[in-house]
Q: 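This is the structure I have questions about; it appears just below.
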Amino acid sequence: MRIAIGGLTFPGHDAMSLGPRHPTSAGLISLALDSDAGSVVRAEVTSGYGHRGAEKLFEVRDYRSMIMLGDRHDWLSAFGGELSLTLTLENSMRLATPPRAAILRTLLAEMARIHSHLSFLSYLAPEGELHARLWSGVEAIRGRFLAWTGNRVHPMLNRVGGLATDAPEGWLDTLDDLLDDIARLSADLRAVLDRTDRFSGLAVLDEEACLGYGLTGPVARAAGFDPDRRADGYLAYGELFRPVHVRTSGDAEARLGVLIDEVGTSVDMIRVTVSLAAQTTGEVNIKLSRRLRVPEGEHSTDVEAPWGIASCLMTSRGNPTPWRVALRTPSFANVSALGKALEGVSTQQIPDVVASLGYTIGDLDK
């Protein structure tokens, strides 16, 4: 049995969709399944059908312009893609950004996390009032990015040394009602998950599997393993980080539950950043020379993307462009474990398993 998940179909494959607006509709993976009596015995997963060669494109752009490519790596968390590249550059050059820039970056990173999590959680609300409210919340976040940057999906705000611009006057004040709506939405999604047992015990990935496949983020936190990079205190997280409750069952229900919990903790952290930003004035960028020179050698940075640890490894030979840029993306690791997660699962439950792991086209097709 062969299944194609995403926006394209192959001859000989059955198409599987998790909804017209679910993030899986933008990517493509292929599953080759051996089944027995309706249960999956073995699953071979193939990804990368939208390969765009982004890592090679980094190597022909200077250090400033390549940030734009990072922005497009994960469309659901574009700001996070910018951030991993920018922090790697700043760490290599020993640059400390202004305090206000660190606070606003933290706020934007958590807004991107909510945007990503709600998009994946749309699988729990495929239709009806909650579905409409969920996508209204997603669009409201995009509207806030639009009001600041002129871009709904790709903010392109990060610059080496800070941000391109400060938040427009009154922009922070517009977040209160939005955060209240998202907090209520998180509670209602929790009620939906609590009313069903269809995800309970499904596709268990325990701590050993997480370590073996390099699984981090919500998938690992659902299995009792929590290597959250925000706890290290980068950006302004040292002052405001709110850890999520770690679960231990490692099943699809726990993974979706962690996503819902993280929406709530992100709301709490954004409220604190708004308060900190109101108390912290000053510039949001450092003036640098027109041409950046990154010290020779290998430089790496980890950030906590919505689905786990995202890493950037950059090699410089002292030229205006990097010699090598390699990205470690969490969804790629998640999909590598999909075959194991599907073993023993009913073929009718495959959409539930895929929805609980999550992947995006940019993360898979580097």
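Starting from 1, each residue takes its place in the sequence as its number. This one's a predicted model, so the numbers in the text were calculated from it and none came from an experiment.
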Q: Could you tell me the separation between the CG atom of L193 and the CD atom of E253, rounded to the nearest 0.5 Å?
A: 5.0 Å
Q: About how many Å separate CD1 of I270 and CD of E110, when rounded to the nearest 0.5 Å?
A: 6.5 Å
Q: Is a side-chain donor or acceptor of S77 paired with a backbone partner of R113 at a separation under 3.5 angstrom?
A: no
Q: In sequence, state the C-alpha distance, the side-chain angles, and the governing distance for R2 and L31, and then conclude on side-chain contact (heavy atoms from CB on, under 4.5 Å).
A: CA-CA 6 Å; R2 292 183 177 273; L31 300 178; over 6 Å; no
Q: Kindly indicate, with the supporting measurements, whether the criterion side-chain contact (heavy atoms from CB on, under 4.5 Å) is fulfilled by M111 and I114.
A: CA-CA 5 Å; M111 286 189 67; I114 293 173; 5.7 Å; no
Q: Any donor-acceptor pair under 3.5 Å linking the side chain of N285 with the backbone of L163?
A: yes
Q: Restricting to non-hydrogen atoms, name the atom on L342 and the atom on A43 that form the minimum distance, rounded to 0.1 Å.
A: CD1-CB, 4.0 Å
Q: Is the backbone N or O of A132 less than 3.5 Å from a side-chain atom of S136, with the two atoms forming a donor-acceptor pair by type?
A: no
Q: State, without any angle test, whether T315 and R324 hold a side-chain donor-acceptor pair at a distance under 3.5 Å.
A: no
Q: Looking only at side chains, do S275 and Q279 share a donor and an acceptor under 3.5 Å apart?
A: yes
Q: Would you check if M66 and P322 make a side-chain contact, meaning some heavy-atom pair closer than 4.5 Å?
A: yes
Q: So, D197 versus S200: side-chain donor-acceptor pair below 3.5 Å or not?
A: no
Q: In terms of hydrophobic clustering (I, L, V, M, F, W, Y; side-chain heavy atoms under 4.5 Å; direct or indirect links), are W148 and L76 co-clustered?
A: yes
Q: Could you pull out the closest heavy-atom pair between L357 and A341, with the gap in Å?
A: CD1-CB, 4.2 Å
Q: Is a donor on one side and an acceptor on the other found under 3.5 Å between the side chain of D228 and the backbone of R230?
A: yes
Q: Is there a donor-acceptor contact under 3.5 Å from the side chain of T265 to the main chain of E262?
A: yes
Q: Within a strict 4.5 Å, meaning less than it, do heavy atoms of the R255 and V219 side chains meet?
A: yes
Q: Sequence neighbours left out, cut at 3.5 Å: what donor-acceptor pairs do the side chains of residues 288-300 make with other protein atoms?
A:
from : atom 1 : to   : atom 2 : distance (Å)
S289 : OG     : R291 : O      : 3.1
R293 : NH1    : G318 : O      : 2.7
H299 : NE2    : P295 : O      : 2.7

Q: To the nearest 0.5 Å, how far apart are CG in D251 and CG in D206?
A: 11.5 Å
Q: For residues F120 and Y123, establish whether the separation of their ring centroids is below 6.0 Å.
A: no
Q: For the residue pair P99 and T280, what are the closest heavy atoms and their distance?
A: CB-CG2, 4.1 Å
Q: Mind listing the closest non-hydrogen atom pair of A277 and R100 along with its distance?
A: O-NH1, 2.7 Å
Q: Is the backbone of S119 close enough, under 3.5 Å, to the side chain of S122 for a donor and an acceptor to pair up by distance?
A: yes
Q: If you look only at distance, which donor and acceptor atoms sit under 3.5 Å apart when one is on a side chain in residues 169-179 and the other is two or more places apart or in another chain?
A:
from : atom 1 : to   : atom 2 : distance (Å)
W171 : NE1    : R144 : O      : 2.9
T174 : OG1    : R144 : NE     : 3.3
T174 : OG1    : W171 : O      : 2.6

Q: Please check this pair: side chain of R152 against backbone of R142, looking for a donor-acceptor N/O pair closer than 3.5 Å.
A: no
Q: Would you check, one step at a time, whether the test side-chain contact (heavy atoms from CB on, under 4.5 Å) holds for L124 with F199?
A: CA-CA 11 Å; L124 287 176; F199 300 101; 3.7 Å; yes
Q: For the backbone of H245 and the side chain of R221, can you confirm whether one donor and one acceptor N or O come within less than 3.5 Å of each other?
A: no
Q: Given side-chain contact (heavy atoms from CB on, under 4.5 Å), test V160 with Y63 step by step and report yes or no.
A: CA-CA 8 Å; V160 182; Y63 288 107; 5.5 Å; no
Q: I'd like a table of donor-acceptor pairs (distance under 3.5 Å, sequence neighbours excluded) in which one partner is a side-chain atom from residues 80-87, with atom names and distances.
A:
from : atom 1 : to   : atom 2 : distance (Å)
E82  : OE1    : L157 : N      : 3.1
E82  : OE1    : N158 : N      : 2.9
E82  : OE1    : N158 : ND2    : 3.0
E82  : OE2    : M156 : N      : 2.6
E82  : OE2    : L157 : N      : 3.4
S84  : OG     : G81  : O      : 3.3
T86  : OG1    : E82  : O      : 2.7

Q: With distance as the sole test, does S346 use its side chain to make a donor-acceptor pair with the main-chain N or O of Q348 at under 3.5 Å?
A: yes
Q: Do you know which two heavy atoms are closest between D180 and R271, and how far apart they sit?
A: OD1-NH2, 2.9 Å
Q: Which pair of non-hydrogen atoms, one from P218 and one from P306, has the smallest distance, and what is that distance?
A: CD-O, 3.3 Å
Q: Taking Y237 for the side chain and R229 for the main chain, is one N or O donor matched with an acceptor at less than 3.5 Å?
A: no
